[in-house]
Amino acid sequence: MYDYLIVGAGLFGASFAALCKKKGLKVLVLEKLDKVGGAIRSERKDNIDVHLYGPHIFHTSDKEALDFFQEYGPLNNFINCPLAYYNGKLYHMPFNMNTFYALWGTITPAEAKAKIEEQKKDCAVLEPKNLEEQALSLVGRDIFETLIKGYTEKQWGRDCKDLPASIIKRLPLRFTYNNNYFNDTYQGVPYDGYTKVIENMLSGVEVRLSTDYLENKEEFRKLARRVIYTGEIDKYFDYCFGKLNYRTLRFETERLETEDFQGNAVVNYTEREVPYTRIAEHKHFNPRPSPVTYITKEYPKEYEPGDMPLYPIQDHVNLSLYSMYKEKAAKEEGVFFCGRLGQYKYFDMDDTIVECLKIFKELEG
């Protein structure tokens, strides 16, 4: 009899297993894929750590989450400074004084603020009814059309006028020449790649790969005192209330016979006509000498069976559906639904660890 049966060897499952191991609990991890790591899995190719499911940067202001993560994989000093490409020009992200200078030639914060206020006034949107009107009311037309409109429409597969205003609560404007994308205290990428972090977390833990818990749920349930389930909550209940919706990405990775393709880790492509949303060049996340480079283009798409569900669509319909599954899950004795898919909520990596630490403390004290 195991203390815990953990379904899924992604970040949440591996973190929970590591906590159990520290406390001397007996654990079995089941992973339906033939490899561990889930959405943060990386593979080393030509001395470059390639992020298989898009770039991941660990960033947090939570020291406990940082310390826990770095027990299994020390971080480098990578600072995320993405660029945006639009109509032959590059702009700095997030929106800051470098962005405003490239757009309008403004030099001081006062000039940039005056320009934004002027554009917001010209748009005169008092009660935004959709995402386009909401964005125009927040930043004006130039920033919206250059850096938001096309990217957002590709990401969601819909025109901005057909998306709810609630998607954008605010748009961060920084009136400094600081290109650091994150405001968190700590950020970086593991020196040895994300897969190594997961493998270190699972070291000494029994793991069964290519094993689908749901194919033999009743028998597996008998093996453990408790189950930590990190898969899709609707799938667990055989979609009895209907399917929850996700957006996902198609990744196209290329090996290029050049040392450097774009000179930056991430470049967003904000024109609607360019089919991908961004290109990541993996060697810039954790530089090591290599005569070649690897890039990944990301193509947003609707989730279909067989895809990796990445972004829960938390609109009114899906949240209402999830609430029914959540109520049903609460009655599933000894089974705890965790993580992005189990809780139908997008978590950054540090959020995942914070949630894992919280749930472990609630269960084990």
Quick one: do [X] and [Y] end up in the same hydrophobic cluster if we chain Ile, Leu, Val, Met, Phe, Trp and Tyr together by side-chain heavy atoms under 4.5 Å apart?
| X | Y | answer |
| --- | --- | --- |
| Y72 | I228 | yes |
| V267 | F261 | yes |
| I79 | F285 | no |

As an exercise, state the distance from [atom1] of [X] to [atom2] of [Y], rounded to the nearest 0.5 Å.
| X | Y | atom1 | atom2 | result |
| --- | --- | --- | --- | --- |
| N80 | H284 | CG | NE2 | 13.0 Å |
| T99 | Y177 | OG1 | OH | 10.0 Å |
| L25 | F360 | CG | CZ | 5.5 Å |
| E133 | L126 | CD | CG | 10.0 Å |
| R255 | T293 | CZ | OG1 | 10.0 Å |
| R278 | Q155 | CZ | CD | 8.0 Å |

Contact between [X] and [Y] at the side-chain level, heavy atoms closer than 4.5 Å - yes or no?
| X | Y | answer |
| --- | --- | --- |
| L66 | L75 | yes |
| T152 | E132 | no |
| D315 | P164 | no |
| I143 | L171 | no |
| F69 | D350 | no |
| N245 | V317 | no |
| Y311 | L249 | yes |
| V266 | P55 | yes |

Counting only pairs under 3.5 Å, give me each side-chain donor-acceptor contact of residues 100-109, with atom names and distances, residues two or more places apart or in other chains.
unit_1	atom_1	unit_2	atom_2	d
W104	NE1	D142	OD2	2.7
T106	OG1	F100	O	3.4
T108	OG1	E111	N	3.1

I'd like to know if [X] pairs up with [Y] as an ion pair, taking the criterion as any Lys NZ or Arg NE/NH1/NH2 lying under 4.0 Å from an Asp or Glu carboxylate oxygen.
| X | Y | value |
| --- | --- | --- |
| K301 | D307 | yes |
| K121 | E118 | no |
| E64 | K361 | yes |

Checking [X] side chain against [Y] main chain: does a donor-acceptor pair fall under 3.5 Å?
| X | Y | value |
| --- | --- | --- |
| K169 | S166 | yes |
| T211 | L30 | no |
| N200 | E71 | no |
| K26 | A224 | no |
| K283 | E259 | yes |
| D238 | C240 | no |
| N264 | C81 | yes |
| Q343 | G339 | yes |
| K154 | V274 | yes |
| E271 | G150 | no |

Answer with yes or no whether the side chains of [Y] and [X] bring together a donor and an acceptor at under 3.5 Å.
| X | Y | answer |
| --- | --- | --- |
| T296 | H282 | yes |
| D184 | S61 | yes |
| N96 | N178 | no |
| R174 | N183 | yes |
| Y181 | Q187 | no |
| E332 | Y236 | yes |

So which heavy atom on [X] is nearest to which on [Y], and how close?
| X | Y | result |
| --- | --- | --- |
| G140 | K120 | N-CG, 3.8 Å |
| E302 | T248 | O-CG2, 4.0 Å |
| L11 | I198 | CA-CD1, 3.9 Å |
| Q119 | R141 | OE1-N, 3.2 Å |
| N286 | D192 | ND2-N, 4.5 Å |
| L363 | F16 | CD1-CZ, 4.0 Å |

Do [X] and [Y] have their ring centres less than 6.0 Å from each other?
| X | Y | answer |
| --- | --- | --- |
| F78 | F58 | no |
| Y325 | F241 | yes |
| Y194 | Y53 | no |

State which residue, out of K222, R221, K217, fulfils the salt bridge (Lys or Arg N to Asp or Glu O under 4.0 Å) condition with E219.
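Considering K222, R221, K217, a salt bridge (Lys or Arg N to Asp or Glu O under 4.0 Å) with E219 is found only for K222.
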Using the salt bridge (Lys or Arg N to Asp or Glu O under 4.0 Å) rule, pick out the option among E333, E364, E362 that qualifies with R226.
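Only match with R226 under salt bridge (Lys or Arg N to Asp or Glu O under 4.0 Å): E364.
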Before you tell me yes or no, could you show the steps for Y344 and Y246 under ring pair (Phe, Tyr, Trp, His ring centres under 6.0 Å), namely the whole-Å CA-CA distance, both residues' side-chain angles and the distance that decides it to 0.1 Å?
CA-CA 9 Å; Y344 197 66; Y246 296 86; 5.4 Å; yes
Does [X], at its [atom1] atom, have more than 12 non-hydrogen atoms belonging to other residues, nucleotides or ligands within less than 6.0 Å?
| X | atom1 | result |
| --- | --- | --- |
| K21 | NZ | yes |
| K196 | NZ | no |
| K23 | NZ | yes |

Assess whether salt bridge (Lys or Arg N to Asp or Glu O under 4.0 Å) is satisfied between R208 and E206, documenting all intermediate values.
CA-CA 7 Å; R208 298 184 194 174; E206 184 180 350; 3.4 Å; yes
Out of the candidates Y151, Y86, Y85, Y299, only one should pair with Y269 under the ring pair (Phe, Tyr, Trp, His ring centres under 6.0 Å) rule; please name it.
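So the option named by the test is Y85.
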Taking the six-membered ring of Y239 (Phe, Tyr or Trp), confirm whether the NZ or CZ of K243 is under 6.0 Å from its centre and within 45° of its axis.
yes
